[in-house]
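Just so you know, these numbers use all the heavy atoms, side chains as well, and skip hydrogens, waters and symmetry mates. In this chain, numbering begins with 1 at the start of the sequence shown.
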Amino acid sequence: MPTSRIWGRSLVGFVAVGALMGSACSPAQPVKSTSADTSAKSIATTLQQTMDGLKFQEVLDTAPVTTSAQARTLKAHSVDKDAQTPKQRARLLAAADDAKPISQQPQLDATVIELDKHNRPVSSGTVLMSPQYPHGKVVSVDKNFHTSDVRWRQWDDSGWYTNHAQGTIDVVPGRENASTDFMLPYPASVLKLMINFGVLRLVDKGVIKLDDTYSYQPTATSSLCGGATSSTIRQYVDDSLTWSSNPASCALMKMLWDHNAVDDLNQTFQDLGLETLQVKGTNAANGGHWSNPVTMSSLDTAKLLTLINGAPGKVWTAPNGKAVTRNVLSASSREFFKKELGDQGMNDVLSTSNWCGADYPAPGMPQVVPQRWIAADGSVTVDGDAYQHDVRPCNAKAEVTFAHKTGLVSNSGSDAGIVRNLPGKNGRNYIIAVFSNLGNQYIDPNRPPTAPGAHPVAYSEKYAQLGLAIDKYEAARHGR
(Lines give C-alpha, C1' and ligand atoms only; values in the text may rest on other atoms or scores of the structure.)
Protein backbone atom coordinates (compact mmCIF):
# COMPACT_ATOMS: atom_id res chain seq x y z
CA MET A 1 0.00 0.00 0.00
CA PRO A 2 1.52 3.35 -0.98
CA THR A 3 2.61 5.45 1.97
CA SER A 4 0.59 8.39 0.68
CA ARG A 5 -2.60 6.49 1.38
CA ILE A 6 -1.82 5.89 5.05
CA TRP A 7 -3.06 9.00 6.88
CA GLY A 8 -1.63 10.92 3.97
CA ARG A 9 -4.00 10.84 1.04
CA SER A 10 -3.78 14.10 -0.82
CA LEU A 11 -6.37 16.23 0.94
CA VAL A 12 -8.49 17.34 -1.98
CA GLY A 13 -10.40 20.42 -0.90
CA PHE A 14 -8.29 20.70 2.25
CA VAL A 15 -5.55 22.97 0.98
CA ALA A 16 -7.85 25.96 1.32
CA VAL A 17 -8.50 25.03 4.91
CA GLY A 18 -4.81 25.07 5.69
CA ALA A 19 -4.51 28.50 4.16
CA LEU A 20 -7.39 29.79 6.24
CA MET A 21 -6.12 28.16 9.39
CA GLY A 22 -2.77 29.91 9.41
CA SER A 23 -1.35 28.89 12.77
CA ALA A 24 -3.05 25.52 12.58
CA CYS A 25 -0.58 24.42 9.94
CA SER A 26 2.44 26.23 11.32
CA PRO A 27 3.99 26.50 14.77
CA ALA A 28 1.67 28.24 17.22
CA GLN A 29 2.62 30.24 20.27
CA PRO A 30 2.75 28.14 23.44
CA VAL A 31 0.06 28.67 26.03
CA LYS A 32 1.56 30.89 28.73
CA SER A 33 -1.44 31.26 30.99
CA THR A 34 -3.97 28.98 32.61
CA SER A 35 -6.67 31.64 32.25
CA ALA A 36 -9.43 30.65 29.88
CA ASP A 37 -9.88 34.31 28.91
CA THR A 38 -6.27 34.92 27.86
CA SER A 39 -5.41 31.60 26.20
CA ALA A 40 -8.62 30.66 24.42
CA LYS A 41 -8.07 32.81 21.32
CA SER A 42 -5.56 30.48 19.70
CA ILE A 43 -7.61 27.27 19.65
CA ALA A 44 -10.93 29.14 19.28
CA THR A 45 -9.73 31.06 16.24
CA THR A 46 -8.23 27.93 14.72
CA LEU A 47 -11.46 26.02 15.26
CA GLN A 48 -13.58 28.80 13.75
CA GLN A 49 -11.35 29.26 10.71
CA THR A 50 -11.15 25.52 10.10
CA MET A 51 -14.91 25.03 10.30
CA ASP A 52 -15.50 27.99 7.99
CA GLY A 53 -12.90 26.77 5.50
CA LEU A 54 -14.38 23.28 5.28
CA LYS A 55 -17.60 24.67 3.77
CA PHE A 56 -20.06 22.32 5.42
CA GLN A 57 -22.80 24.05 3.41
CA GLU A 58 -21.63 22.22 0.29
CA VAL A 59 -23.15 18.90 1.37
CA LEU A 60 -26.16 17.45 -0.42
CA ASP A 61 -29.52 16.55 1.13
CA THR A 62 -30.95 13.15 0.18
CA ALA A 63 -34.35 13.93 1.70
CA PRO A 64 -34.95 17.67 1.25
CA VAL A 65 -38.09 19.19 2.69
CA THR A 66 -39.72 21.32 0.03
CA THR A 67 -42.82 22.69 1.77
CA SER A 68 -43.75 23.96 5.21
CA ALA A 69 -46.49 21.34 5.45
CA GLN A 70 -43.99 18.60 4.75
CA ALA A 71 -41.65 20.04 7.34
CA ARG A 72 -44.36 20.11 9.98
CA THR A 73 -44.93 16.37 9.57
CA LEU A 74 -41.42 15.82 10.93
CA LYS A 75 -42.80 16.46 14.40
CA ALA A 76 -44.58 13.11 14.21
CA HIS A 77 -41.23 11.35 13.82
CA SER A 78 -39.38 13.05 16.65
CA VAL A 79 -39.44 10.15 19.13
CA ASP A 80 -37.03 7.22 19.45
CA LYS A 81 -34.74 9.10 17.10
CA ASP A 82 -31.93 6.56 17.29
CA ALA A 83 -34.20 3.79 16.04
CA GLN A 84 -33.35 4.19 12.36
CA THR A 85 -33.82 0.84 10.65
CA PRO A 86 -31.56 -0.70 8.00
CA LYS A 87 -34.37 -0.13 5.48
CA GLN A 88 -34.48 3.57 6.34
CA ARG A 89 -30.72 3.84 5.96
CA ALA A 90 -30.90 2.02 2.64
CA ARG A 91 -33.56 4.45 1.40
CA LEU A 92 -31.27 7.39 2.13
CA LEU A 93 -28.44 5.73 0.23
CA ALA A 94 -30.76 4.96 -2.68
CA ALA A 95 -31.81 8.62 -2.79
CA ALA A 96 -28.23 9.81 -3.27
CA ASP A 97 -28.64 10.20 -7.03
CA ASP A 98 -31.47 12.68 -6.48
CA ALA A 99 -29.82 14.62 -3.65
CA LYS A 100 -30.17 18.38 -3.67
CA PRO A 101 -27.99 21.10 -2.13
CA ILE A 102 -28.73 21.63 1.55
CA SER A 103 -31.33 24.38 2.02
CA GLN A 104 -29.26 26.53 4.40
CA GLN A 105 -26.05 26.67 6.44
CA PRO A 106 -25.81 23.53 8.62
CA GLN A 107 -25.98 23.65 12.39
CA LEU A 108 -22.63 22.85 14.09
CA ASP A 109 -21.51 23.07 17.71
CA ALA A 110 -17.84 22.26 18.37
CA THR A 111 -15.54 22.53 21.39
CA VAL A 112 -11.89 21.74 22.04
CA ILE A 113 -10.55 21.83 25.61
CA GLU A 114 -6.76 21.73 25.85
CA LEU A 115 -5.28 19.93 28.86
CA ASP A 116 -1.95 20.10 30.64
CA LYS A 117 0.11 17.02 31.46
CA HIS A 118 -1.95 16.50 34.60
CA ASN A 119 -5.21 16.53 32.58
CA ARG A 120 -6.21 19.95 33.90
CA PRO A 121 -8.01 22.21 31.40
CA VAL A 122 -5.89 25.23 30.46
CA SER A 123 -7.66 26.68 27.42
CA SER A 124 -10.66 26.07 25.24
CA GLY A 125 -12.49 27.10 22.11
CA THR A 126 -16.20 26.74 21.33
CA VAL A 127 -17.62 27.66 17.94
CA LEU A 128 -21.28 27.73 16.87
CA MET A 129 -22.30 27.67 13.22
CA SER A 130 -25.85 28.10 11.86
CA PRO A 131 -27.78 30.16 9.32
CA GLN A 132 -27.47 33.04 11.83
CA TYR A 133 -23.70 32.49 12.15
CA PRO A 134 -22.68 31.15 8.72
CA HIS A 135 -18.95 31.64 9.27
CA GLY A 136 -19.00 30.38 12.85
CA LYS A 137 -19.19 32.39 16.05
CA VAL A 138 -16.69 31.97 18.87
CA VAL A 139 -18.33 31.66 22.28
CA SER A 140 -16.68 33.60 25.09
CA VAL A 141 -16.19 31.62 28.29
CA ASP A 142 -15.08 32.63 31.77
CA LYS A 143 -12.31 31.15 33.90
CA ASN A 144 -14.61 28.21 34.70
CA PHE A 145 -15.06 27.43 30.99
CA HIS A 146 -18.69 28.48 31.36
CA THR A 147 -20.85 30.87 29.39
CA SER A 148 -24.09 32.64 30.25
CA ASP A 149 -24.13 34.49 26.94
CA VAL A 150 -25.78 31.82 24.78
CA ARG A 151 -29.51 31.28 24.66
CA TRP A 152 -29.50 27.52 24.14
CA ARG A 153 -32.61 26.21 22.36
CA GLN A 154 -33.91 22.69 22.04
CA TRP A 155 -33.63 21.04 18.63
CA ASP A 156 -36.77 21.22 16.47
CA ASP A 157 -36.81 18.97 13.40
CA SER A 158 -39.34 20.98 11.45
CA GLY A 159 -38.22 24.31 12.89
CA TRP A 160 -34.82 23.92 11.30
CA TYR A 161 -36.57 24.25 7.95
CA THR A 162 -39.52 26.50 8.75
CA ASN A 163 -38.03 28.89 11.31
CA HIS A 164 -34.60 29.55 9.79
CA ALA A 165 -33.01 27.10 12.26
CA GLN A 166 -34.24 29.21 15.16
CA GLY A 167 -35.41 27.18 18.16
CA THR A 168 -38.37 28.12 20.35
CA ILE A 169 -37.88 26.04 23.54
CA ASP A 170 -35.23 27.27 25.99
CA VAL A 171 -32.90 24.63 27.42
CA VAL A 172 -31.54 26.91 30.16
CA PRO A 173 -33.96 29.51 31.58
CA GLY A 174 -33.18 33.18 31.95
CA ARG A 175 -31.04 33.67 28.85
CA GLU A 176 -33.37 35.99 26.95
CA ASN A 177 -30.76 38.76 26.82
CA ALA A 178 -27.87 36.58 25.65
CA SER A 179 -25.98 37.87 22.61
CA THR A 180 -26.07 34.46 20.88
CA ASP A 181 -29.17 32.41 20.11
CA PHE A 182 -28.44 28.83 19.08
CA MET A 183 -30.49 25.67 18.57
CA LEU A 184 -28.54 22.68 19.87
CA PRO A 185 -28.30 19.74 17.44
CA TYR A 186 -29.82 16.55 18.80
CA PRO A 187 -26.90 14.57 20.33
CA ALA A 188 -27.92 11.15 18.98
CA SER A 189 -26.01 8.30 20.65
CA VAL A 190 -23.55 10.61 22.40
CA LEU A 191 -26.41 10.82 24.92
CA LYS A 192 -25.19 7.41 26.11
CA LEU A 193 -22.37 9.25 27.89
CA MET A 194 -25.01 10.71 30.20
CA ILE A 195 -26.78 7.39 30.74
CA ASN A 196 -23.57 5.58 31.62
CA PHE A 197 -22.42 8.43 33.86
CA GLY A 198 -25.67 7.94 35.79
CA VAL A 199 -25.13 4.20 36.00
CA LEU A 200 -21.61 4.59 37.39
CA ARG A 201 -22.89 7.09 39.94
CA LEU A 202 -25.19 4.32 41.20
CA VAL A 203 -22.21 1.95 41.32
CA ASP A 204 -20.24 4.46 43.39
CA LYS A 205 -23.16 4.86 45.80
CA GLY A 206 -23.27 1.09 46.34
CA VAL A 207 -26.79 0.81 44.94
CA ILE A 208 -25.65 -1.62 42.23
CA LYS A 209 -22.49 -3.50 41.24
CA LEU A 210 -21.08 -3.81 37.75
CA ASP A 211 -21.27 -7.58 37.92
CA ASP A 212 -24.88 -7.65 39.10
CA THR A 213 -27.28 -9.19 36.62
CA TYR A 214 -30.07 -6.88 35.51
CA SER A 215 -33.23 -8.34 34.05
CA TYR A 216 -34.62 -5.87 31.56
CA GLN A 217 -38.38 -6.30 31.41
CA PRO A 218 -39.95 -3.46 29.40
CA THR A 219 -43.65 -2.92 30.00
CA ALA A 220 -44.15 -1.03 26.75
CA THR A 221 -42.91 -1.95 23.29
CA SER A 222 -40.28 0.12 21.51
CA SER A 223 -38.54 -0.38 18.19
CA LEU A 224 -35.54 1.39 19.68
CA CYS A 225 -35.21 -0.85 22.72
CA GLY A 226 -36.37 -4.30 21.67
CA GLY A 227 -37.62 -6.98 24.01
CA ALA A 228 -36.67 -8.42 27.37
CA THR A 229 -33.01 -9.24 28.01
CA SER A 230 -30.81 -10.21 30.93
CA SER A 231 -27.12 -9.45 31.34
CA THR A 232 -24.60 -8.03 33.73
CA ILE A 233 -24.51 -4.28 34.10
CA ARG A 234 -20.88 -4.41 33.01
CA GLN A 235 -21.88 -6.05 29.73
CA TYR A 236 -24.70 -3.59 29.11
CA VAL A 237 -22.25 -0.71 29.63
CA ASP A 238 -19.73 -2.29 27.26
CA ASP A 239 -22.35 -2.81 24.56
CA SER A 240 -23.70 0.70 25.04
CA LEU A 241 -20.36 2.48 24.76
CA THR A 242 -18.21 0.39 22.43
CA TRP A 243 -20.69 -0.41 19.66
CA SER A 244 -23.58 1.85 20.66
CA SER A 245 -26.20 -0.82 21.36
CA ASN A 246 -29.58 0.85 21.71
CA PRO A 247 -31.20 -2.10 23.54
CA ALA A 248 -28.35 -2.18 26.09
CA SER A 249 -28.65 1.58 26.59
CA CYS A 250 -32.43 1.31 27.01
CA ALA A 251 -31.85 -1.35 29.68
CA LEU A 252 -29.47 0.96 31.53
CA MET A 253 -31.88 3.87 31.20
CA LYS A 254 -34.75 1.79 32.56
CA MET A 255 -32.54 0.68 35.44
CA LEU A 256 -32.00 4.35 36.30
CA TRP A 257 -35.77 4.78 36.33
CA ASP A 258 -36.17 1.65 38.48
CA HIS A 259 -33.90 3.25 41.11
CA ASN A 260 -35.55 6.69 40.85
CA ALA A 261 -32.19 8.04 39.72
CA VAL A 262 -33.18 10.06 36.64
CA ASP A 263 -34.16 13.27 38.41
CA ASP A 264 -31.03 13.01 40.55
CA LEU A 265 -28.89 12.59 37.41
CA ASN A 266 -30.37 15.71 35.83
CA GLN A 267 -29.90 17.65 39.06
CA THR A 268 -26.29 16.46 39.28
CA PHE A 269 -25.56 17.94 35.87
CA GLN A 270 -27.10 21.24 36.98
CA ASP A 271 -25.07 21.21 40.21
CA LEU A 272 -21.89 20.64 38.19
CA GLY A 273 -22.65 23.66 36.03
CA LEU A 274 -23.29 21.43 32.99
CA GLU A 275 -26.65 23.06 32.40
CA THR A 276 -27.30 21.82 28.87
CA LEU A 277 -26.82 18.15 29.79
CA GLN A 278 -30.39 16.99 30.26
CA VAL A 279 -31.88 13.50 29.99
CA LYS A 280 -35.53 14.43 29.79
CA GLY A 281 -38.64 12.91 28.26
CA THR A 282 -37.50 9.28 28.32
CA ASN A 283 -39.94 6.46 29.03
CA ALA A 284 -39.73 4.76 32.42
CA ALA A 285 -41.52 1.72 31.00
CA ASN A 286 -38.72 0.78 28.60
CA GLY A 287 -35.90 3.35 28.87
CA GLY A 288 -36.60 4.60 25.36
CA HIS A 289 -38.33 7.62 23.86
CA TRP A 290 -35.08 9.46 23.13
CA SER A 291 -36.04 12.70 21.51
CA ASN A 292 -35.44 16.43 21.40
CA PRO A 293 -35.79 17.09 25.17
CA VAL A 294 -32.51 15.15 25.53
CA THR A 295 -29.92 17.89 25.10
CA MET A 296 -26.14 18.30 25.15
CA SER A 297 -23.91 21.19 24.13
CA SER A 298 -20.38 20.49 22.94
CA LEU A 299 -18.94 22.65 25.74
CA ASP A 300 -20.72 20.83 28.56
CA THR A 301 -20.01 17.45 26.95
CA ALA A 302 -16.31 18.28 26.74
CA LYS A 303 -16.34 19.39 30.38
CA LEU A 304 -18.02 16.13 31.42
CA LEU A 305 -15.28 14.23 29.60
CA THR A 306 -12.70 16.35 31.43
CA LEU A 307 -14.08 15.07 34.73
CA ILE A 308 -14.15 11.48 33.46
CA ASN A 309 -10.56 11.93 32.32
CA GLY A 310 -9.57 12.73 35.90
CA ALA A 311 -8.22 16.26 36.30
CA PRO A 312 -6.91 16.66 39.88
CA GLY A 313 -8.06 19.24 42.40
CA LYS A 314 -10.75 21.80 41.70
CA VAL A 315 -11.44 21.63 37.99
CA TRP A 316 -13.85 24.56 37.97
CA THR A 317 -16.33 26.37 40.19
CA ALA A 318 -20.00 25.74 39.41
CA PRO A 319 -22.44 28.65 39.13
CA ASN A 320 -23.72 27.75 42.63
CA GLY A 321 -20.24 28.46 44.00
CA LYS A 322 -19.30 24.85 44.71
CA ALA A 323 -15.98 23.37 43.63
CA VAL A 324 -16.29 20.69 40.95
CA THR A 325 -13.79 17.83 41.14
CA ARG A 326 -13.18 14.50 39.47
CA ASN A 327 -14.57 12.83 42.57
CA VAL A 328 -18.03 13.11 41.08
CA LEU A 329 -17.02 9.59 39.99
CA SER A 330 -14.68 7.27 41.87
CA ALA A 331 -11.26 6.49 40.44
CA SER A 332 -12.35 2.96 39.53
CA SER A 333 -15.47 4.20 37.74
CA ARG A 334 -13.48 6.80 35.83
CA GLU A 335 -10.94 4.23 34.70
CA PHE A 336 -13.68 1.81 33.65
CA PHE A 337 -15.48 4.58 31.75
CA LYS A 338 -12.30 5.61 29.92
CA LYS A 339 -11.43 2.01 29.09
CA GLU A 340 -14.86 1.45 27.53
CA LEU A 341 -14.63 4.66 25.51
CA GLY A 342 -11.13 3.64 24.43
CA ASP A 343 -12.56 0.41 23.03
CA GLN A 344 -14.87 2.29 20.67
CA GLY A 345 -15.45 0.30 17.49
CA MET A 346 -17.03 3.02 15.36
CA ASN A 347 -14.01 5.07 14.36
CA ASP A 348 -15.70 6.77 11.44
CA VAL A 349 -16.38 10.43 12.25
CA LEU A 350 -13.57 12.72 13.52
CA SER A 351 -11.32 9.72 13.04
CA THR A 352 -11.80 7.45 10.03
CA SER A 353 -9.30 4.77 10.94
CA ASN A 354 -11.73 1.98 10.07
CA TRP A 355 -11.39 3.01 6.40
CA CYS A 356 -7.59 2.97 6.42
CA GLY A 357 -6.13 3.61 2.96
CA ALA A 358 -9.43 4.53 1.34
CA ASP A 359 -9.66 7.35 -1.17
CA TYR A 360 -12.93 8.27 0.57
CA PRO A 361 -13.63 9.28 3.29
CA ALA A 362 -10.69 11.57 3.97
CA PRO A 363 -8.36 10.54 6.80
CA GLY A 364 -9.30 11.94 10.19
CA MET A 365 -7.16 12.16 13.29
CA PRO A 366 -4.50 9.41 13.20
CA GLN A 367 -6.07 7.18 15.81
CA VAL A 368 -5.09 3.62 16.63
CA VAL A 369 -7.95 1.13 16.20
CA PRO A 370 -8.56 -1.07 19.27
CA GLN A 371 -7.35 -4.61 18.67
CA ARG A 372 -10.61 -6.23 19.75
CA TRP A 373 -12.29 -5.26 16.47
CA ILE A 374 -9.52 -6.31 14.07
CA ALA A 375 -9.87 -9.63 12.24
CA ALA A 376 -7.02 -11.78 10.96
CA ASP A 377 -7.07 -9.95 7.61
CA GLY A 378 -6.79 -6.59 9.35
CA SER A 379 -10.35 -5.48 8.63
CA VAL A 380 -12.82 -4.17 11.21
CA THR A 381 -16.35 -5.46 11.76
CA VAL A 382 -18.58 -3.93 14.43
CA ASP A 383 -22.00 -5.43 15.19
CA GLY A 384 -22.12 -6.93 11.70
CA ASP A 385 -20.97 -3.75 9.95
CA ALA A 386 -17.93 -4.64 7.83
CA TYR A 387 -15.58 -1.80 6.92
CA GLN A 388 -13.54 -3.97 4.51
CA HIS A 389 -10.21 -2.16 4.90
CA ASP A 390 -6.97 -3.41 6.40
CA VAL A 391 -6.32 -1.05 9.34
CA ARG A 392 -2.93 -2.50 10.30
CA PRO A 393 -0.87 -0.08 8.16
CA CYS A 394 -2.65 2.87 9.79
CA ASN A 395 -2.24 1.37 13.26
CA ALA A 396 1.49 1.11 12.59
CA LYS A 397 1.57 4.85 11.85
CA ALA A 398 -1.03 5.92 14.43
CA GLU A 399 -0.18 8.84 16.69
CA VAL A 400 -3.05 9.06 19.18
CA THR A 401 -5.63 7.18 21.15
CA PHE A 402 -9.20 8.46 20.95
CA ALA A 403 -11.53 7.42 23.77
CA HIS A 404 -14.83 8.57 22.31
CA LYS A 405 -18.52 8.11 21.59
CA THR A 406 -20.18 8.70 18.24
CA GLY A 407 -23.80 9.41 17.38
CA LEU A 408 -25.89 9.20 14.23
CA VAL A 409 -29.46 9.66 13.06
CA SER A 410 -30.67 11.09 9.77
CA ASN A 411 -30.37 14.70 10.96
CA SER A 412 -27.68 14.35 13.61
CA GLY A 413 -24.01 13.42 13.49
CA SER A 414 -21.73 13.69 16.50
CA ASP A 415 -18.47 12.58 18.07
CA ALA A 416 -16.92 13.41 21.43
CA GLY A 417 -13.88 12.07 23.20
CA ILE A 418 -10.46 12.28 24.82
CA VAL A 419 -7.34 12.46 22.63
CA ARG A 420 -3.92 11.45 23.92
CA ASN A 421 -0.67 10.95 22.05
CA LEU A 422 0.87 7.51 21.79
CA PRO A 423 4.37 7.05 23.26
CA GLY A 424 7.03 8.75 21.17
CA LYS A 425 4.59 10.93 19.24
CA ASN A 426 4.18 14.69 19.54
CA GLY A 427 2.32 15.41 22.75
CA ARG A 428 -1.42 15.84 22.49
CA ASN A 429 -3.79 15.97 25.40
CA TYR A 430 -7.17 17.45 24.62
CA ILE A 431 -10.92 16.89 24.57
CA ILE A 432 -12.96 17.41 21.41
CA ALA A 433 -16.74 17.35 20.96
CA VAL A 434 -18.67 18.07 17.76
CA PHE A 435 -22.44 18.03 17.24
CA SER A 436 -24.22 18.78 13.98
CA ASN A 437 -27.47 18.23 12.15
CA LEU A 438 -25.46 16.59 9.35
CA GLY A 439 -26.46 12.97 9.86
CA ASN A 440 -26.71 10.32 7.18
CA GLN A 441 -29.41 12.26 5.36
CA TYR A 442 -26.58 14.48 4.09
CA ILE A 443 -23.78 13.36 1.79
CA ASP A 444 -20.72 14.76 0.10
CA PRO A 445 -21.00 15.33 -3.65
CA ASN A 446 -17.92 13.15 -4.17
CA ARG A 447 -19.09 10.15 -2.13
CA PRO A 448 -18.51 6.98 -4.17
CA PRO A 449 -20.92 4.03 -4.28
CA THR A 450 -20.73 1.62 -1.37
CA ALA A 451 -18.99 -1.66 -2.14
CA PRO A 452 -21.22 -4.75 -1.91
CA GLY A 453 -21.49 -5.97 1.67
CA ALA A 454 -19.56 -3.00 3.05
CA HIS A 455 -20.65 -0.65 5.79
CA PRO A 456 -21.59 2.64 4.07
CA VAL A 457 -19.89 5.91 4.84
CA ALA A 458 -22.60 7.51 6.95
CA TYR A 459 -21.06 10.93 7.69
CA SER A 460 -19.68 13.74 5.59
CA GLU A 461 -15.90 13.43 5.30
CA LYS A 462 -15.74 17.04 6.45
CA TYR A 463 -15.96 15.74 10.03
CA ALA A 464 -12.76 13.76 9.46
CA GLN A 465 -11.03 16.74 7.87
CA LEU A 466 -11.96 18.80 10.93
CA GLY A 467 -10.59 16.11 13.25
CA LEU A 468 -7.31 15.88 11.36
CA ALA A 469 -6.86 19.66 11.20
CA ILE A 470 -7.37 20.09 14.93
CA ASP A 471 -5.05 17.19 15.71
CA LYS A 472 -2.34 18.63 13.46
CA TYR A 473 -2.70 21.95 15.26
CA GLU A 474 -2.43 20.28 18.68
CA ALA A 475 0.59 18.23 17.60
CA ALA A 476 2.35 21.38 16.37
CA ARG A 477 1.47 23.28 19.54
CA HIS A 478 2.95 20.58 21.76
CA GLY A 479 5.87 19.79 19.48
CA ARG A 480 8.03 22.78 20.32
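Here the OG atom belonging to Ser460 is positioned 6.5 Å from the CZ atom belonging to Phe56, to the nearest 0.5 angstrom. If you take CD on Gln166 and CD on Gln132, they are separated by 4.0 Å, rounding to the nearest 0.5 Å. Going from atom CD of Glu474 over to atom CD of Glu114 covers 4.0 Å, rounded to the nearest 0.5 Å. The distance from atom CG of Asp415 to atom CZ of Phe435, rounded to the nearest 0.5 Å, is 9.0 Å. Leu193 contributes atom CG, which lies 7.0 Å from atom CG of Leu241 (distance to the nearest 0.5 angstrom). Distance check, rounded to the nearest 0.5 Å: CG of Asn196 to OG of Ser249 gives 6.5 Å.
Salt-bridge check for Asp343 with Lys339: passed, with a basic side-chain N closer than 4.0 Å to an acidic carboxylate O.
In this view, Phe402 and His404 satisfy the ring-ring contact (aromatic ring centres under 6.0 Å, His included) rule, not counting sequence neighbours. When the side chain to side chain donor-acceptor pair (under 3.5 Å) test is applied to Ser297, the partners found at least two apart in sequence or on another chain are Thr276.
Contact detail for Lys55 and Lys462: the closest heavy-atom pair is O-CE, 3.2 Å. Between Ala110 and Met51 the shortest heavy-atom distance is CB-SD, 3.8 Å. Between Gly345 and Val382 the shortest heavy-atom distance is O-CG2, 3.5 Å. In plain terms, the two heavy atoms of Leu305 and Ile418 that are nearest each other are O-CD1, 3.9 Å. Of all heavy-atom pairs spanning Gly198 and Leu265, the tightest one is CA-CD1, 3.7 Å. The minimum heavy-atom distance linking Ser244 with Lys405 is given by the pair OG-NZ, 2.9 Å.
Between the side chains of Ser103 and Trp160, no donor-acceptor pair is found at a separation under 3.5 Å. Side-chain atoms of Ser245 and Lys192 include no donor-acceptor pair closer than 3.5 Å. Remark: the Asp471 side chain and the Tyr430 side chain contain an N/O donor-acceptor pair separated by less than 3.5 Å. Between the side chains of Glu461 and Asn446, at least one donor N or O sits under 3.5 Å from an acceptor N or O. When only modelled atom types and interatomic distance are considered, Tyr236 and Thr229 share a side-chain donor-acceptor pair under 3.5 Å. A side-chain donor-acceptor contact under 3.5 Å links Tyr360 and Asp444. The closest side-chain donor-acceptor pair between Asn292 and Asp156, if any, does not fall under 3.5 angstrom. Between the side chains of Ser222 and Asn283, no donor-acceptor pair of N or O atoms lies under 3.5 Å. Side-chain atoms of Glu399 and Asn421 include no donor-acceptor pair closer than 3.5 Å.
Just one of Asp181, Ile169, Thr295 meets the side-chain contact (heavy atoms from CB on, under 4.5 Å) condition when paired with Arg153; it is Asp181.
Within the 3.5 Å criterion, the main-chain N or O of Val457 finds no donor-acceptor partner in the side chain of Asp348. Looking at Tyr216, its side chain never comes within 3.5 Å of a backbone N or O of Cys250 through a donor-acceptor pair. With Gln105 contributing its side chain and Tyr133 its backbone, the two residues share no donor-acceptor pair below 3.5 Å. In this structure, Thr180 contributes its side chain and Val150 its backbone to no donor-acceptor pair below 3.5 Å. Checking side-chain atoms of Arg334 against main-chain N and O of Leu329 turns up a donor-acceptor pair under 3.5 Å. Using a distance-only test at 3.5 Å, with no hydrogens or angles considered, a donor-acceptor pair links the side chain of Asn266 to the main chain of Val279. At distances below 3.5 Å, not a single donor-acceptor pair connects side-chain atoms of Gln107 with backbone N or O atoms of Pro185.
The aromatic rings of Trp355 and His455 lie parallel to each other, their planes meeting at an angle below 30°, with 60° marking the opposite boundary.
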